[in-house]
There are 2 protein chains.
Amino acid sequence: MQRTPLDDSLKVTRNQPTLREMVLDKLRQAIMSFQLLPGDRLVERDLCDKLGVSRTSVREALRHLEAEGLVESESSRGPRVAVITLEDARDIYELRCVLESMVVQLFTQKATRQQMAEFDHAWEILKAALRSGDTVAIVNAVSDFYGVLYEGAGNRIAGQFLSQLQARVNYLRATSVSQKERYVDSFKEMTKIVDAIQARNPEAAHEACVEHIKAASKVALAALAEKQGKAVDPITPPLNPAQSLR
Amino acid sequence: MQRTPLDDSLKVTRNQPTLREMVLDKLRQAIMSFQLLPGDRLVERDLCDKLGVSRTSVREALRHLEAEGLVESESSRGPRVAVITLEDARDIYELRCVLESMVVQLFTQKATRQQMAEFDHAWEILKAALRSGDTVAIVNAVSDFYGVLYEGAGNRIAGQFLSQLQARVNYLRATSVSQKERYVDSFKEMTKIVDAIQARNPEAAHEACVEHIKAASKVALAALAEKQGKAVDPITPPLNPAQSLR
DNA sequence: TTCTGTATTATGGTATACCAATATAATTTA
DNA sequence: TAAATTATATTGGTATACCATAATACAGAA
């Protein structure tokens, strides 16, 4: 009688999160859901009181958020939720353009049938959430939608970076008045991306994504530029085969 | 007589770095220069002794390095210098391909004459360092070379991300035996990039960069795959106009 | 009422204590 | 001698103390 080989399934997992990990999640969530807004001071003792932990856990979580760009500290001013500059916003959109179009292209090329089915499903849920107008539902649906995309693109590091970039412009996207006016166009652009993905056309998906982010960045950066009384260069999208054939 | 408008030039700067910032720099430098190798445990009390600071500063620096991906902690195992997995290595090369080619393209399109002069100078210094064979000089020259590129590309966030990605594969690049055998090819490829940049040809610079990173990744990933007894997918480079004209 | 000086409070930086869990070393047993 | 058991040391998690500096509040003078 052959013994079944030992594998990892017997291994005891021990995944009790530390207090600082829980604090990190809570703070990130509070920033993403606008309980904490850009510019808000993050006074350590206040956070200790609210979260019921010591300054050690709070400080270590703040260090992590600083590395992610969601929190900033200036010398002698204490930490605060990062306020995005116009320059950084345009840099982030430029980067997203290149990264997101790559992820969309990779997903189109590589997604398994199951991942494509999950993608279709996430898209349906997102459409329903957009129809409902429920902000919490939309935020969750968008997050799931991108999560499926990142998973199927087969590049975990790109997914991580894109999540960080999106987190940093989360407030800007939510508050650009013209973003709301773009709602119909935005929906059309996303539909174009989804159609190209479903048609397994990486070039078309890539281009649709580039167009979408170009349009989104134009609006968001214009709003921010106006608010800050500055001009801003448009982003440079990635080189694209369709471009050169024109 | 018109008063000269007040600006920031009168403002007193106060940039004394904190202990944790100094610790962060020291640890990052130790990792980059192979005083600390992937897999090395980072025992807090040991680091306190060596650096002459308390555990608070060490722990906060470690949190930052964790967020950057240079350090990893598993539950109940304590922190250690991150060991890169084959999957993450390929994801990082795939990402670098897209980001570095974008940065090279942007630099080619946007660099001022002064930035181009600085780039030329950095390239001369790098060539001299490569001829000398002095590892420290090479590491510094490479860092300066990329620094100039990132500066001239006009996307600060891309520069930051690329620095992080390069840091994470620093050891892999330095230790792939076949990397050393690639020396001549690598030099030719970089020369091609530089020539295209100097000729102000963004498409050619983009393509040369893509080819360079494809070749570098093939070698580094093959070495790591062999070491880990695994296979790995090649990276998918960005879509490229020259590709589609072929 | 405004400005200046002083007092008080707030807060981030840094150090250290304590504990529980884990790893390692030492001892005992078969 | 090897295995099992027990003892000890190590180490990360977390809390709290203390201090110096900066910010804010308050009082007095002009």
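Quick caveat: nothing in here was measured; it's all calculated off a predicted structure.
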Q: Round to a whole Å and report the spacing from CZ of Arg80(A) to P of dA10(C).
A: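 Answer to the nearest Å: 22 Å.
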
Q: Could you tell me whether the side chain of Arg55(A) has a donor or acceptor atom within less than 3.5 Å of a complementary atom in the base of dG13(C)?
A: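 When only heavy-atom distances are counted, Arg55(A) does reach the base of dG13(C) through a donor-acceptor pair under 3.5 Å.
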
Q: Side chain of Thr56(B): nearest nucleotide among dT14(C), dG12(D), dG12(C)?
A: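 Selected nucleotide: dT14(C).
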
Q: Compare side-chain N and O positions of Ser54(B) against OP1 and OP2 of dT14(C) and report whether any pair is under 4.0 Å apart.
A: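 Answer is no, no contact under 4.0 Å.
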
Q: Write down the distance between CZ (Arg63(A)) and C1' (dG13(C)), rounded to a whole number of angstrom.
A: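 Atom-to-atom, Arg63(A) to dG13(C), this comes out as 10 Å.
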
Q: Between atom CD in Glu72(B) and atom C1' in dG12(D), what is the gap in whole Å?
A: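 Spelled out: CD on Glu72(B) to C1' on dG12(D) is 16 Å.
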
Q: Hey, is the main chain of Cys97(B) close enough, under 3.5 Å, to the side chain of Ser101(B) for a donor-acceptor pair?
A: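 Checking the backbone N and O of Cys97(B) against the side chain of Ser101(B), a donor-acceptor pair under 3.5 Å is found.
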
Q: What is the distance from CZ of Arg45(B) to C1' of dT10(D), rounded to the nearest Å?
A: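 Result: 7 Å.
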
Q: Tell whether Arg59(B) reaches the base of dG12(D) with its side chain through a donor-acceptor pair below 3.5 angstrom.
A: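 By the distance-only test, no, there is no pair.
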
Q: Could you state the interatomic distance from CD (Glu100(A)) to CZ (Phe107(A)), rounded to the nearest 0.5 Å?
A: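 It is 13.5 Å, given to the nearest 0.5 Å.
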
Q: For the side chain of Arg41(B), counting heavy atoms from C-beta on, which of dA15(C), dC18(D), dT11(D) is nearest?
A: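 The nucleotide sitting nearest to the side chain is dT11(D).
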
Q: If you only use heavy atoms from C-beta on, which nucleotide in dA15(C), dG13(C), dT16(D) is closest to the side chain of Arg20(B)?
A: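 The answer is dG13(C), which lies nearest to the side chain.
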
